[in-house]
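Structure, as structure tokens:
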There are 2 protein chains.
Amino acid sequence: MEVTIAEDQAIDLHKKLEIFFHVKEENHEFCPVRDIMDRFGDKWSLLAILNLGNSGKTRFNELKGKIEGISQRMLTVTLRSLERDGLITRTIYAEVPPRVEYELTPLGKGLLQQIMELAQWAANSMDEIVKARMDYDSKLQ
Amino acid sequence: MEVTIAEDQAIDLHKKLEIFFHVKEENHEFCPVRDIMDRFGDKWSLLAILNLGNSGKTRFNELKGKIEGISQRMLTVTLRSLERDGLITRTIYAEVPPRVEYELTPLGKGLLQQIMELAQWAANSMDEIVKARMDYDSKLQ
DNA sequence: CCGTATCCAACAGGATACTG
DNA sequence: CAGTATCCTGTTGGATACGG
């Protein structure tokens with residue numbers, strides 16, 4: 001029974017890969033993995049998404065406090081990029097002092113789900129990776 | 001019924017986020033998202049994993065041909081890094097000319113599954129992102 | 001064939017100072 | 001408060017040449 005499930009998953013994965021590579025051949029310019037990495041492979045985007053997911057509607061400096069180590073410049077750059085891609089909204093309130101709030105769009109929440117899956121895999125696999133790395137390094141003297 | 005499912009998912013996601021941020025607080029040095037990006041946020045790692053998943057056991061230059069645009073240097077660097085983390089194996093055959101084959105480990109196959117999920121999300125969301133971007137840019141004159 | 005070594009350009013991103 | 005502008009450094013990764 002377990003074997004059957006594993007086999008089904010393997011077949012399913014292989015089909016996905018076939019589709020994926022087929023799409024790639026049809027349209028030479030279109031490669032989802034490259035696109036993912038180009039858009040979210042920077043230092044701060046995923047962390048911003050994650051914190052907005054956890055906190056809901058959040059102000060600029062509030063967010064800056066939550067994302068440890070980010071500079072004001074990079075938070076601005078990151079948020080503008082996410083806004084441009086339709087992953088977050090930016091709401092300006094005409095007050096003094098000014099108030100600006102950021103929030104995930106439905107699209108952004110979809111990405112958050114994917115990030116969480118990946119983060120969970122990473123969390124679960126971390127021990128194994130660290131162990132593999134130590135083994136590898138120890139064999140180089 | 002649909003609403004119930006959506007609510008369940010929202011609750012599930014929120015629980016995951018709570019756990020995630022709780023872990024982060026307990027161990028200040030441990031942040032899966034940062035770790036993911038540090039390890040796989042480079043230009044070539046995910047593409048290498050993806051191609052090894054599609055092709056199975058693959059030789060160095062064979063892989064170089066499949067990953068469009070990668071230099072010899074970067075393929076070496078990328079493969080070494082993945083090997084160090086226990087995601088791929090490197091098998092050297094004592095022949096002339098030398099033959100070296102790379103293959104995903106079970107751990108690497110697990111990562112592949114995650115990548116595929118993310119790639120599928122990206123593929124499905126690409127139209128929406130492109131549209132959002134065009135809207136954003138058009139509003140800047 | 002499968003690398004390593006060296007050099008170098010491009011760019012991400014940090015520090016700092018200034019504004020509406 | 002929420003940015004923008006400017007400068008500057010470190011790292012990524014491409015090109016090239018060479019070695020086992």
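Side chains are part of it too, since the values below use all heavy atoms of this structure and drop only hydrogens, waters and symmetry mates. All of these numbers come straight from a predicted model, not from anything done at the bench. In the text below, chain A, chain B and the rest are named by the order of the sequence lines, each starting its count at 1.
- Here A:A119 pairs with B:F20, B:P32, B:V33, B:I36 under the side-chain contact (heavy atoms from CB on, under 4.5 Å) rule; sequence neighbours left out.
- Looking at A:S138, its side chain never comes within 3.5 Å of a backbone N or O of A:Y136 through a donor-acceptor pair.
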Strictly under 3.5 Å: I want the nitrogen or oxygen pairs between protein and nucleotides 15-20 of chain D, one per line.
none

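- As judged by a 4.0 angstrom heavy-atom cut-off over every strand, A:K64 is placed among residues making no nucleic acid contact.
- Under a hydrophobic clustering in which Ile, Leu, Val, Met, Phe, Trp and Tyr are joined whenever their side-chain heavy atoms come within less than 4.5 Å, directly or via other members, B:I115 and A:M126 fall into different clusters.
- Under the rule for a side chain to side chain donor-acceptor pair (under 3.5 Å), A:N51 has no partner lying at least two apart in sequence or in another chain.
- Residues from residues 47-62 of chain A with heavy atoms under 4.0 angstrom of DNA chain D, sorted by number: A:R59, A:F60, A:N61.
- For the pair A:P97 and B:M74, both in contact range of DNA chain D, the more 5′-proximal nearest nucleotide belongs to A:P97.
- Distance, A:M37 CE to D:dT12 C1': 13 Å, rounded to whole Å.
- Nucleotide D:dG14 holds its P atom 12 Å from the CD1 atom of B:I67, rounded to whole Å.
- Within the structure, every pair that satisfies the salt bridge (charged side-chain N to carboxylate O under 4.0 Å, His left out) test and touches residues 104-127 of chain B, not counting sequence neighbours, is listed here: A:K16-B:E117.
- Partners of A:R39 by salt bridge (charged side-chain N to carboxylate O under 4.0 Å, His left out), not counting sequence neighbours, listed by chain and number: A:D35.
- For the segment residues 75-90 of chain B, the set of residues with a heavy atom within less than 4.0 Å of an atom of DNA chain D is empty.
- Counting non-hydrogen atoms under 4.0 angstrom, B:Y102 reaches the backbone sugars and phosphates but no base.
- Taking the salt bridge (charged side-chain N to carboxylate O under 4.0 Å, His left out) definition, one finds that B:K43 meets it with nothing, sequence neighbours left out.
- Under a 3.5 Å cut-off, the side chain of A:S81 and the backbone N or O of A:V77 do not form any donor-acceptor pair.
- The side chain to side chain donor-acceptor pair (under 3.5 Å) pairs that include a residue from residues 85-94 of chain B are A:R133-B:D85, B:R90-B:Y102, B:Y93-B:E101, where partners are two or more places apart or lie in different chains.
- Among all heavy-atom pairs drawn from A:I67 and A:L75, the shortest one is CD1-CD1, 4.3 Å.
- Of the inter-residue distances, the one linking A:I88 atom CD1 with A:L52 atom CG reads 6.0 Å to the nearest 0.5 angstrom.
- First and last contacts of DNA chain C with chain B, using any nucleotide atom under 4.0 Å from a protein heavy atom and ordered 5' to 3', fall at C:dC1 to C:dT6.
- A:L107 meets the side-chain contact (heavy atoms from CB on, under 4.5 Å) test with A:L87, A:T105, B:W121, B:S125, B:E128, B:I129; sequence neighbours excluded.
- The salt bridge (charged side-chain N to carboxylate O under 4.0 Å, His left out) test applied to B:R84 returns A:D137, not counting sequence neighbours.
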